[in-house]
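Inspection log for the structure reproduced underneath, given as structure tokens.
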Amino acid sequence: MVAGTTPSLPWLVVDAADREIEPVSAYLRDRMLGDASTATCRSYGYGLLRWHRGLWALDVGWEQVTEAETAALVGWLRHARNPQRERRRPGSHPAGSVNPKTGKPTLRAGYAPSTIAHNLTVVHGFYAFHQPFGRGPVVNPVPESAARRAALAHRSPLEVRKQHRRARLRSKVPVRHPRSIPDDQWDGLFAQMKCVRDKALLSNYLASASRASELLGVGLGDIEWTKGQLWVISKGTRARQPVPTSPEGLAYLAAYLEEDGLPPEGVLVWRTRRGEPRPLTRSVLVHFFSSEGWQSWGLGGQPLIPERMPVLIDDDFLFEDGYGPRATRMVNT
């Protein structure tokens, strides 16, 4: 995967000789014309790269594939080692275990069933795109479920979702439980914040339940002090919409703006504090809430948040896990 040079194709899939794979580029370009996000293009590109690597290993062209190659991909994904699951920090919980402190299970060592299902969906869409043009095999190599199509056809969102049989080669995807952090552990994290900016950031995140990218995109004109809400750009619809926040969050935000000053026109509210002020991006946030970031900021001691995680209380508490205590506190108040 390499970065593209045009907005219509932000990511390219290349082979071992760094040559662009034209059929993949045509499909990804069509996805981008359908208003897909750059992240979607990147995700689909990695899925097709994984598919083509399997075909290269089997010495099969992408136009001559059958269901057998799909079965080979699924079998490999179910038993292959996932390098993203490697634990390099000493004392980390092994993959597939349950955190004794939080009770949250960690991902297993291999590829998750949702990853396998996503890869099959990408490959199916890839061949469905080329089929009307007479390219590729006559039959899509990824099996479909007629029962699923019938269950989802003309379904009202008010109706209860009907059960349907999975398509062949599809894994059982477990139901994901809502993410949450216990109040006492969230309070412990908040107590570690020595900066007004960080307290404002976490308190508004807790109160608004916004995504990290949505909250970091807030400008000075997006704050409605009297109504107690923030205007964010939704990640899914990309529409500007209001989200409620708490008086405590607005109080910390006002203290942060008084301490660091108002941002210039057109500059986002959340800014770095060292060197030349610049917008606080998610990558900077990840670095700050890591062991290296905490040590570089001079907080000293053993960091509360492990390395390479956005905002973490334990080995597997993510930044997005903050939604749970918000709902609990809203009910209690």
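These figures come from a predicted structure and were not determined experimentally. Just so you know, residue 1 is the first one in the sequence shown, and it goes up from there.
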Could you tell me the separation between the [atom1] atom of [X] and the [atom2] atom of [Y], rounded to the nearest 0.5 Å?
{"X": "Met32", "Y": "Ser37", "atom1": "CE", "atom2": "OG", "result": "7.0 Å"}
{"X": "Ile233", "Y": "Arg240", "atom1": "CD1", "atom2": "CZ", "result": "6.5 Å"}
{"X": "Arg50", "Y": "Thr115", "atom1": "CZ", "atom2": "OG1", "result": "7.0 Å"}
{"X": "Asp35", "Y": "Arg238", "atom1": "CG", "atom2": "CZ", "result": "4.5 Å"}
{"X": "Glu63", "Y": "Tyr127", "atom1": "CD", "atom2": "OH", "result": "7.5 Å"}
{"X": "Arg78", "Y": "Leu73", "atom1": "CZ", "atom2": "CG", "result": "10.5 Å"}

Does one hydrophobic cluster hold both [X] and [Y], with members joined at side-chain heavy-atom distances below 4.5 Å?
{"X": "Val267", "Y": "Leu215", "result": "no"}
{"X": "Leu202", "Y": "Val196", "result": "yes"}
{"X": "Val13", "Y": "Leu55", "result": "yes"}
{"X": "Leu216", "Y": "Trp231", "result": "no"}
{"X": "Val24", "Y": "Leu33", "result": "no"}

Minimum heavy-atom separation for [X] and [Y], please, with both atom names.
{"X": "Ser25", "Y": "Leu12", "result": "OG-CD2, 3.9 Å"}
{"X": "Ser203", "Y": "Glu248", "result": "OG-O, 4.5 Å"}
{"X": "Arg81", "Y": "Tyr111", "result": "O-CE1, 3.9 Å"}
{"X": "Leu268", "Y": "Arg271", "result": "O-CG, 3.6 Å"}
{"X": "Met1", "Y": "Arg42", "result": "CE-O, 3.8 Å"}
{"X": "Gly217", "Y": "Asp222", "result": "O-OD2, 3.9 Å"}

For this session: Begin from the C-alpha positions of Glu67 and Val139 and carry the test side chain to side chain contact (heavy atoms under 4.5 Å, CB included) through to its verdict.
Result: CA-CA 9 Å; Glu67 190 178 307; Val139 180; over 6 Å; no
Hey, would you say the [X] and [Y] ring centroids sit under 6.0 Å apart?
{"X": "Tyr256", "Y": "Trp270", "result": "yes"}
{"X": "Trp62", "Y": "Phe126", "result": "yes"}
{"X": "His118", "Y": "Tyr46", "result": "no"}

Donor-acceptor contact below 3.5 Å, side chain [X] vs main chain [Y]:
{"X": "Asn119", "Y": "Gly47", "result": "yes"}
{"X": "Ser43", "Y": "Ala39", "result": "no"}
{"X": "Arg19", "Y": "Val14", "result": "no"}
{"X": "Gln241", "Y": "Ser234", "result": "no"}
{"X": "Thr70", "Y": "Pro141", "result": "yes"}
{"X": "His52", "Y": "Asp15", "result": "no"}
{"X": "Thr40", "Y": "Ala36", "result": "no"}

Any side-chain heavy atom of [X] within less than 4.5 Å of one from [Y]?
{"X": "Leu48", "Y": "Arg53", "answer": "no"}
{"X": "Tyr44", "Y": "Tyr27", "answer": "yes"}
{"X": "Val269", "Y": "Leu253", "answer": "yes"}
{"X": "Ile116", "Y": "Ser114", "answer": "no"}
{"X": "Cys41", "Y": "Arg31", "answer": "no"}

Seminar exercise, completed: The residue among Asn204, Leu230, Thr245 that forms side chain to side chain contact (heavy atoms under 4.5 Å, CB included) with Ile223 is Leu230
Exercise. Run the side chain to side chain contact (heavy atoms under 4.5 Å, CB included) check on Trp51 and Val65 step by step: do they pass?
Worked result: CA-CA 11 Å; Trp51 168 252; Val65 295; 3.9 Å; yes
For this session: For Glu258, look at atom CD and say whether over 12 heavy atoms of other residues, nucleotides or ligands are found less than 6.0 Å away.
Result: no
Exercise. Under 6.0 Å from the CZ atom of Arg135, do we count more than 12 heavy atoms belonging to anything else shown?
Worked result: yes
For this session: Walk me through it: do Leu9 and Glu20 pass the test side chain to side chain contact (heavy atoms under 4.5 Å, CB included)?
Result: CA-CA 12 Å; Leu9 192 60; Glu20 178 183 355; 4.0 Å; yes
